[in-house]
Each structure stands twice: as C-alpha cells, then as structure tokens.
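Structure record follows, encoded as structure tokens.
Note that the coordinates shown come from a computational prediction; the quantities given were computed from them, not determined experimentally. All chains are named by letter (A, B, ...) in the order of the sequence lines, taking the proteins before the strands, and each is independently numbered beginning at 1.
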Amino acid sequence: ILNVEQSPQSLHVQEGDSTNFTCSFPSSNFYALHWYRWETAKSPEALFVMTLNGDEKKKGRISATLNTKEGYSYLYIKGSQPEDSATYLCAFITRGSQGNLIFGKGTKLSVKP
Amino acid sequence: DSGVTQTPKHLITATGQRVTLRCSPRSGDLSVYWYQQSLDQGLQFLIQYYNGEERAKGNILERFSAQQFPDLHSELNLSSLELGDSALYFCASSQEGEAAINEQFFGPGTRLTVL
C-alpha cells in the first residue's frame, strides 16, 4: 500500500517566524508531487506541482523543494502571517497509476499574531 | 472562488437511500475528479473523467458510480448508503487529462450525512 506521510501533524508558530514541514513518499516509480493549501471552511487550493528531482518552486513567501531519490519534499513559509494558517496537503502520483493522487493527512499550521 | 461548483452543499439522508452529487467544472476544463474525505482520513481519490470518458479509478465502491455529461458536468451517484459513507465529497477539475502534472481546482464540497 502506497503511503504519504506528512510531519508534523500540527504546528503553532508566532507571526514572523519561518517554518517548514515535510512530505515523505515512496521514491520508486515517482511521477509527480502536488502541494495544496486548505483553509478551514474552504476547499483545497493548488500551490505547486513538482515533477523533477531537485525542483524548487516559489510563490510569494512559500517555497517547496523536491528530492525524488530519497522520497521527500519540504514546504517552507518565510515570515509566517496569520493568513497562512491552514492545513497544507501533499499528494503524490506514481508512474502508470493513471491519475490516482495519493494524499497525506496534512500539516495543520496555526500562526498567532 | 475556484470556478468549480458543487451542489448540494449539504445532504442529510438515511441508510439504504440513494443520492446524486453534482459538479460543474471550471470553464474550459475537461477533466473532473471526485474525492471523499471521511473523518480522520486524508482525501481519497474516487474516480476521474476526461471529456466524457472514465480516465482513472481509485478506491471507489461498487455502490458508487459517476458519469460526465456532454456539457462536462459530472454526477456522483451513491446508492445503498451506509453510515460510513458520511463524508465530505469534493469535485475537482483540471484543463487536461493528465492528473499528474495538472493542478486541480477544487469545488466547495458536498457534506453528506447518513443517519
């Protein structure tokens, strides 16, 4: 059974702190990794789609890196703001799985003003 | 607002019943995906349609079925409902059929409660 692990499960930081969390996935047959941001009472919103080993993507204060050989991705948030409070989900897909995105349970981030 | 719409927002029904959830993708998107999120579970992929044809199947029960119509809207049919089917059901859409490399745009979800 293919599994995606995200850590930590939850995180509480102060406004202005920088933070990062991890997504671990099986490295064999890797095809792509997605990061989503999910605010309470809203729907998941795509942040990044990453496919290549060594990929680094950035959107504002949020960035992500990918290591497909060792099976992990890091999401970084620089200078956290209260509006960054959300659950951050990663999902990966293996080659040949025909669209089956496997999601982790997410890291819930709370940023205190 | 992602541009994906789902109806109804909430649905309360009884065990043994059948319900239909509806999804309209973003304008121009050809792919529709259905996901289920139960309590304490991550998002579970159910099924994908691309331009009217089934493209990929995940952990979808035999009691569940879906279709995508010529106007590209999709319906998820859940029958012989059980208590364990209570969940948040999301629809997502993407422009192309290749789920791996296309970001998906999620609708607001339908909260199904089976009593």
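- Counted by atom type alone, B:Gln48 and B:Ser31 present one or more donor-acceptor pairs between their side chains at under 3.5 Å.
- Using a 3.5 Å distance cut-off with no hydrogens or angles, the side chains of B:Ser94 and B:Asp29 do not pair a donor with an acceptor.
- A:Phe92 does not touch chain B: none of its heavy atoms, backbone or side chain, sits under 4.5 Å away.
- Heavy atoms of B:Gln37 lying under 4.5 Å from chain A belong exclusively to its side chain.
- Looking at B:Leu88, only its side chain comes within 4.5 Å of chain A, counting heavy atoms on both sides.
- With a 4.5 angstrom heavy-atom cutoff, B:Phe90 touches chain A only via side-chain atoms.
- Chain B forms more heavy-atom pairs under 4.5 Å with one residue of A:Ala46, A:Pro44, A:Ala91, A:Gly106 than with any other, namely A:Pro44.
- Looking at A:Leu33, neither its backbone nor its side chain comes within 4.5 Å of chain B, counting heavy atoms on both sides.
- Ion pairing of A:Arg37 with A:Glu39 is present here, as a side-chain N (NZ or NE/NH1/NH2) and a carboxylate O approach within less than 4.0 Å.
- Using a cut-off of 4.0 Å between Lys/Arg side-chain N and Asp/Glu carboxylate O, B:Glu82 and B:Arg63 are scored as salt-bridged.
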*Please lay out, stage by stage, how B:Ser74 and B:Gln67 fare under the test side chain to side chain donor-acceptor pair (under 3.5 Å).*
CA-CA 6 Å; B:Ser74 177; B:Gln67 53 186 324; over 6 Å; no
